[in-house]
Number of protein chains: 2
Amino acid sequence: MLKVNKLTDYAVVVLCDLLRGDRLRSAADLATSSGVPLPTVSKILKQLARTGILQSARGVNGGYGFARPPAGISMAEVIEALEGPIAVTGCVEESGECCEFVHQCPMSGHWNAVNVAIRKSLDEVRLIDMLPEARFMDPEDLTRVIAERHAAAMQA
Amino acid sequence: MLKVNKLTDYAVVVLCDLLRGDRLRSAADLATSSGVPLPTVSKILKQLARTGILQSARGVNGGYGFARPPAGISMAEVIEALEGPIAVTGCVEESGECCEFVHQCPMSGHWNAVNVAIRKSLDEVRLIDMLPEARFMDPEDLTRVIAERHAAAMQA
DNA sequence: CAGAAACTGTACTGTTTTAGTCCTGTTTGT
DNA sequence: ACAAACAGGACTAAAACAGTACAGTTTCTG
Ligand code: FES
Ligand code: FES
């Protein structure tokens, strides 16, 4: 089924919510407005901050915001942030975790073509394409609107 | 990690083995030559026959062979045969299994862009590209060699 | 016609992964 | 000092998977 993690699924919901605002949002705030339970939202946001997609501020009035212009974030990045490198099987040239017969193993490296193809296609889907309004808006307008919101958030 | 089923992984090994021969091969035969345990090979072949990628013959001298020219088989087909439709989340326009708030659910349909992108990229990787020799051979030569073997198998 | 070689379908079980939760600690603004 | 937020990690119940087994059906061969 080539399923994505449920956490990744929620992450997109939460990120879309974050795309709609123009300031730092707390985990509790995002949980309320997205409907995803707080502990889960918290887990997601922590991970996204760790991998550099979001930035966080502690203390009173703290919260999360995008660490860089959201229009430049691809789905490949989001998925990799929550699930680690995209690799459809354990036996991939980069990951060391192959079987014990690496030298003569008949499937060594076979899946690379598939990994590369998937990776490439995910690079080309942007996070902001996941917004429902993306379907009705001109892509350039969408990019501009999102960029404005992000600028406002950075200023605040 | 966007992992593929282990069964699917083995399936490629077994299918590659089948690509190398020019006649019907029994499950036991393929198990021996691929190193994958017989019950597992059997499970895979049954499923591939059910979905129309392979054809089977019962009885003495029976076995499995490709149901159609192998050069035309894509990885998307192989993956779908063993794991069902490619859908990274439960909430996809075709599959009915969404949450109970379909009407106002904020993530309804979001992942379609990703599904389509992945599906398309998998359509473009052929099964025969997974053969190790595919890396050193001219694609046209490869296609021809495989077609000849298939013709021989059909005749036998 | 008997028996062996193959495929077919399904059911079972131990293991692994995932999802979701909770707790304890650290930072920061008032 | 205190409360609001984030950080990191540990824990558990539930779901999915992998692998196996078995009883049934078809077909060839002698
Ligand atoms: S599975 Fe990776 S080398 Fe065998
Ligand atoms: S998850 Fe599919 S409609 Fe809500």
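One atom, CG of B:L7, and another, P of D:dA16, lie 17 Å apart when rounded to the nearest Å. Distance B:I44 CD1 to D:dG19 P: 9 Å, rounded to the nearest Å. Regarding A:R25, its CZ atom lies at a distance of 16 Å from the C1' atom of D:dC6, rounded to whole Å. In this structure, A:N5 atom CG and C:dG20 atom C1' are separated by 12 Å, rounded to whole Å. Rounded to whole Å, the distance from CD on A:Q47 to P on D:dG8 is 10 Å. A straight line from NZ of A:K6 to P of C:dT21 spans 11 Å, rounded to a whole angstrom. Per the geometry, CG belonging to B:L54 stands 13 Å off C1' belonging to C:dC7, to the nearest Å. With rounding to whole Å, B:D9 atom CG is found 10 Å from D:dA18 atom P.
For A:E124, the side chain to side chain contact (heavy atoms under 4.5 Å, CB included) partners are A:K120, not counting sequence neighbours. For B:E80, the salt bridge (charged side-chain N to carboxylate O under 4.0 Å, His left out) partners at least two apart in sequence or on another chain are B:R119. For B:S121, the side chain to side chain contact (heavy atoms under 4.5 Å, CB included) criterion is met by A:A117, A:I118, A:S121, not counting sequence neighbours. For B:A57, the side chain to side chain contact (heavy atoms under 4.5 Å, CB included) test picks out B:L24, with sequence neighbours left out. Under the rule for a side chain to side chain contact (heavy atoms under 4.5 Å, CB included), A:P85 has no partner lying at least two apart in sequence or in another chain.
Across all strands shown, B:A49 has no heavy atoms under 4.0 Å from either base or sugar-phosphate atoms.
Terminal axes of the helix from C:dC1-D:dG30 to C:dT30-D:dA1 (five pairs each, C1' rotation axis) are separated by 10°, to the nearest 10°.
A close approach under 4.0 Å does occur between a side-chain nitrogen or oxygen of A:Y10 and OP1 or OP2 of C:dG20.
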Start with the C-alpha distance between A:R126 and A:T143, add both sets of side-chain angles, then the distance that settles side chain to side chain donor-acceptor pair (under 3.5 Å), and finish with yes or no.
-> CA-CA 10 Å; A:R126 295 176 306 168; A:T143 305; 3.2 Å; yes

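Within the structure, salt bridge (charged side-chain N to carboxylate O under 4.0 Å, His left out) contacts touching residues 25-45 of chain A (residues at least two apart or in different chains) are A:D17-A:R25, A:R25-A:D29. Listed by first then second residue, pairs satisfying salt bridge (charged side-chain N to carboxylate O under 4.0 Å, His left out) with a partner in residues 47-72 of chain A read A:R68-A:E77, not counting sequence neighbours. Contacts classified as salt bridge (charged side-chain N to carboxylate O under 4.0 Å, His left out) and involving residues 142-151 of chain B (residues at least two apart or in different chains) are given here: B:D141-B:R144, B:R144-B:E148. Residue pairs meeting the salt bridge (charged side-chain N to carboxylate O under 4.0 Å, His left out) criterion with at least one partner in residues 31-42 of chain B, sequence neighbours excluded, do not occur; the list is empty.
For the segment residues 56-67 of chain A, the set of residues with a heavy atom within less than 4.0 Å of an atom of DNA chain D comprises A:S56, A:A57, A:R58, A:G59, A:V60, A:G62, A:G63, A:Y64, in numerical order.
The distance from the CD1 atom of B:I146 to the CG atom of B:L19 is 4.5 Å, given to the nearest 0.5 Å.
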Would you tabulate the nitrogen or oxygen pairs shorter than 3.5 Å linking the protein to nucleotides 10-13 of chain C?
none

